[in-house]
Amino acid sequence: MIQNDVSRRRLLGLGLGLGAAASLTLAGCGGGDSGSSGPAAGNGGKEYTGPKVDLKLWNGFTGGDGDIFKALVNQFNTEHKNIAVSVATYQWEDYYNKLPGAASSGNGPDIAVMHMDQLATFAARGVITELDDVAKTLELSEGDFAPTVWKGGLYNNKRYGIPLDMHPLGFYYNKAVMQKAGLDPNKPPTTKDEYVAALTELKKAGVQGFWVSPFQFTGGMTFYSLLNQWGGTLFDADVAKATFNSDPAVEACTWLVDMIKQGFSPANVGQDADYLAFKSNKNAFTWNGIWQINDLKKSPEVQWGVAPLPQIGSKPAAWANSHNFTIVKQRANDANKVSGAKVFINWLSEHSLDWAKGGQIPARKAVREGTEFKALPEISSLAPELEYAAFPPAAPGLGEVMTTFYNSFNEAALGKKSPKQALDDGVAKANKQLEDNRKKYGS
């Protein structure tokens, strides 16, 4: 997602606090036929030869990425005379709140674009349908995608999403500020020692080079990445217990808090102030999403570069999320509409190179490895992160639990509690939320 507007930046990634909206059970899902005669004139997404169908598609692409997406839909409509896709665009927060009720009343879309972390919640409540037949018919497998992205479309061992892209956190470096401190602007730090050494030189030059935000965007996402780099996890394997107060998690959180204590970052950084300071040549490094690439391209006065996140811990890891295509269950199913929707999903997945230009890494391996994608230097430079991206687990109702995780980091970063106390308190609250989710979602 391109996030040219600061306020929209906060909506990307996790649909925090929106899980409750999806807790509405979809009454009448999978109901009777809507009057379509005979079996569907389709074969799982390869082609559709039936009568013309009109499909509604919902998404949250409200920035420049929305124009790119609509152009692709128009191209599809031109090439498929018997399928007409109309697009409705909402802010993501409104979108996830609106979808369950709209689907239940019969006014929902046929196709919905959904973040990976939302799939389990909407699948558990019967809002979206299984897509295993699409993957089988189109002969899609893990080998066609990065394993992390492919597995993210599963819930209870069934596929509910066909991945379109991946958007990770990247490492942005300000070349002018680096030069001010005598650093090589073309050699950003890649390890913990190099990172601290660079910050030390910047501090000598009077620059606080790495502003640690206490908010989810982007300090919480940075902590999320570092926790995984240190070998920690947010939850146990069954997502039954929170584990983000483990020794590796405390160590990662302490390292970030020490950035503030040691004067490498100012205290009490405001929302988005880290990114705005980067654009104003006040800091050297910022960890932010791939969606900032196109925004920075519109600021020619900023000399910048982007690279995968430095490896501060024992292994590489980076916060990431992914857009998936889903098919929404209807009160009255039309088999021809479902068949047409599958054709559209497959087509756009195959045409994800143009989508990449909007600031996304294509999920399809063949597209990522093509010369045209590699000709997008900034975006393709973050493609290696796909192999070790840290995605949220497939568990329903996880949004509110993730809010607790980010709030715990906020308390530590603002000095309200020690890292260990903040994370211990957060885990205690998260465990209660996870227990409530098991009762709510029956899993």
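Computation of the quantities below employed the complete heavy-atom set of this structure, encompassing side-chain atoms and omitting hydrogens, waters and symmetry-equivalent molecules.
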Legend entry - Side-chain heavy-atom pair Val113, Asn324 within 4.5 angstrom cut-off: no
Inset, instruction - Determine whether the aromatic ring centres of Tyr173 and Trp304 lie less than 6.0 Å apart. - result: no
Legend entry - Min side-chain heavy-atom separation Val328-Thr129 under 4.5 Å: no
Inset, instruction - Name all pairs fulfilling the side-chain hydrogen bond (donor to acceptor under 3.5 Å, both in side chains) condition that reach into residues 226-244, sequence neighbours left out, sorted by first residue then second. - result: Trp230-Glu251, Thr233-Thr243
Inset, instruction - Determine yes or no for a side-chain-to-main-chain donor-acceptor pair under 3.5 angstrom, with Ser339 supplying the side chain and Ala335 the backbone. - result: yes
Legend entry - Matching residue for Phe171 among Ser381, Pro308, Pro189 - test: side-chain contact (heavy atoms from CB on, under 4.5 Å): Pro189
Inset, instruction - For the residue pair Lys56 and Ile111, establish whether any side-chain heavy-atom pair is separated by less than 4.5 Å. - result: no
Legend entry - Qualifying residues under side-chain contact (heavy atoms from CB on, under 4.5 Å), relative to Ala249, sequence neighbours excluded: Leu227, Ser246, Leu423
Legend entry - Minimum side-chain heavy-atom gap Leu119-Thr326 below 4.5 Å: yes
Legend entry - Lys417, Lys416, Lys432 screened by salt bridge (Lys or Arg N to Asp or Glu O under 4.0 Å) with Asp425, the one that passes: Lys417
Inset, instruction - May I ask you to decide if Pro214's main-chain N or O and Asn410's side chain share a donor-acceptor pair within less than 3.5 Å? - result: yes
Legend entry - Any donor-acceptor N/O pair, Ser322 side chain to Asp165 backbone, under 3.5 Å: yes
Legend entry - Sequence-distant partners of Asn346, side chain to side chain donor-acceptor pair (under 3.5 Å), two or more places apart: Arg364
Inset, instruction - Mind checking side-chain contact (heavy atoms from CB on, under 4.5 Å) for Asn268 and listing every partner two or more places apart, or none if nothing turns up? - result: Leu414
Inset, instruction - List in chain and number order the residues that pass salt bridge (charged side-chain N to carboxylate O under 4.0 Å, His left out) with Lys297, two or more places apart in sequence or in another chain; answer none if no residue qualifies. - result: Glu378
Legend entry - Donor-acceptor contact present, side-chain Gln216 to main-chain Thr403, <3.5 Å: no
Inset, instruction - Verify the distance criterion only: is there a donor paired with an acceptor across the side chains of Glu387 and Thr148 at less than 3.5 Å? - result: no
Legend entry - Which residues share a salt bridge (charged side-chain N to carboxylate O under 4.0 Å, His left out) with Asp424, sequence neighbours left out: Lys420
Inset, instruction - Evaluate the side-chain proximity of Pro109 to Leu57: yes if any heavy-atom separation is below 4.5 Å, no if none is. - result: no
Inset, instruction - Examine the side chains of Asn283 and Asp274 and answer whether a donor and an acceptor come within less than 3.5 Å of each other. - result: no
Inset, instruction - Assess the side chains of Tyr275 and Asp295: does a donor N or O sit below 3.5 Å from an acceptor N or O? - result: yes
Inset, instruction - Work out which heavy atom in Asn245 is nearest to a heavy atom in Val250; give both atom names and the distance. - result: O-CG2, 3.7 Å
List the atom pairs, with distances to 0.1 Å, where a side-chain N or O of residues 365-376 and a protein N or O form a donor-acceptor pair under 3.5 Å, not counting sequence neighbours.
unit_1 : atom_1 : unit_2 : atom_2 : d
Arg368 : NH1    : Pro362 : O      : 3.4
Arg368 : NH1    : Ala363 : O      : 2.7

Inset, instruction - Assess whether atom CG of Asp54 is packed by more than 12 heavy atoms of other residues, nucleotides or ligands within 6.0 Å. - result: yes
Inset, instruction - Kindly say whether Lys329 contributes a backbone atom to a donor-acceptor pair with the side chain of Asn333 at under 3.5 angstrom? - result: no
Inset, instruction - Please work out whether the ring planes of His167 and His115 are parallel, tilted or perpendicular, with thresholds of 30° and 60°. - result: perpendicular
Inset, instruction - Using the ring-ring contact (aromatic ring centres under 6.0 Å, His included) rule, collect all pairs that involve residues 123-151, keeping only residues at least two apart or in two chains. - result: Phe145-Trp150
Inset, instruction - Give a yes or no on whether the ring-centroid distance for Phe285 and Tyr172 is below 6.0 angstrom. - result: no
Inset, instruction - Before giving the answer on ring pair (Phe, Tyr, Trp, His ring centres under 6.0 Å), spell out for His323 and Trp291 the whole-Å C-alpha distance, their side-chain angles and the decisive distance to 0.1 Å. - result: CA-CA 13 Å; His323 295 116; Trp291 53 86; 9.7 Å; no
Inset, instruction - Sequence neighbours left out, what passes ring pair (Phe, Tyr, Trp, His ring centres under 6.0 Å) with Phe405? Give chain and number order. - result: Phe223, Phe244
Inset, instruction - Anything under 30° is parallel, anything over 60° is perpendicular, the rest tilted; go ahead and classify Tyr95 against Tyr90. - result: tilted
Legend entry - Asn431 side-chain N/O to Ala428 backbone N/O, donor-acceptor pair under 3.5 Å: no
Inset, instruction - Give the C-alpha distance, both sets of side-chain angles, the deciding distance and a yes or no for side chain to side chain contact (heavy atoms under 4.5 Å, CB included) between Asp334 and Gln330. - result: CA-CA 8 Å; Asp334 184 327; Gln330 307 294 331; over 6 Å; no
Inset, instruction - Using modelled atom types only, decide if a donor and an acceptor are shared between the side chain of Trp211 and the backbone of Ser265 within a distance under 3.5 Å. - result: no
Inset, instruction - With the side chain counted from C-beta on, respond yes when Tyr160 and Ile327 share a heavy-atom pair under 4.5 Å apart, and no when they do not. - result: no
Inset, instruction - List the steps, then state whether side chain to side chain contact (heavy atoms under 4.5 Å, CB included) holds for Lys342 with Asp133. - result: CA-CA 10 Å; Lys342 293 173 181 178; Asp133 66 319; 2.4 Å; yes
Inset, instruction - Using salt bridge (charged side-chain N to carboxylate O under 4.0 Å, His left out) as the criterion, list what pairs up with Lys429, not counting sequence neighbours. - result: none
Inset, instruction - Check Thr121 against Leu398 and note the closest heavy-atom contact, atom names and distance. - result: OG1-N, 4.2 Å
Inset, instruction - Indicate the ring-plane relationship of Phe61 and Trp355, choosing parallel, tilted or perpendicular according to the 30° and 60° boundaries. - result: tilted
Inset, instruction - In sequence, state the C-alpha distance, the side-chain angles, and the governing distance for Thr190 and Gln311, and then conclude on side-chain hydrogen bond (donor to acceptor under 3.5 Å, both in side chains). - result: CA-CA 6 Å; Thr190 60; Gln311 184 178 323; over 6 Å; no
Inset, instruction - Quick one: which residue pairs count as a side-chain hydrogen bond (donor to acceptor under 3.5 Å, both in side chains) with a foot in residues 70-89, not counting sequence neighbours? - result: Asn59-Thr89, Gln75-Glu79, Glu79-Trp347
Legend entry - Considering all heavy atoms, the nearest Ser408-Ala422 contact: O-CB, 3.4 Å
Inset, instruction - Under the salt bridge (charged side-chain N to carboxylate O under 4.0 Å, His left out) rule, collect the residues that match up with Lys337, sequence neighbours excluded. - result: none
Legend entry - Test item: Phe391 and Lys151 side chains (from C-beta on) under 4.5 Å apart, heavy atoms: no
Inset, instruction - Taking Asn294 for its side chain and Lys357 for its backbone only, find out whether a donor-acceptor pair lies under 3.5 Å. - result: yes
Inset, instruction - Show your working on side chain to side chain contact (heavy atoms under 4.5 Å, CB included) between Asp354 and Ser352 and close with a plain yes or no. - result: CA-CA 5 Å; Asp354 288 330; Ser352 57; over 6 Å; no
Legend entry - Any Lys98 side-chain heavy atom under 4.5 Å of Trp58 side chain: yes
Inset, instruction - Please check if the side chain of Ser105 supplies one atom and the backbone of Ala102 the other of a donor-acceptor pair under 3.5 Å. - result: yes
Inset, instruction - Would you please test Trp255 and Lys192 for side chain to side chain contact (heavy atoms under 4.5 Å, CB included) and show each step? - result: CA-CA 10 Å; Trp255 186 84; Lys192 179 181 179 181; 3.7 Å; yes
Inset, instruction - Please check if the distance between the ring centroids of Phe409 and Phe215 is under 6.0 Å. - result: no
Legend entry - Flag, side chain of Thr404 to backbone of Gly426, donor-acceptor distance under 3.5 Å: no
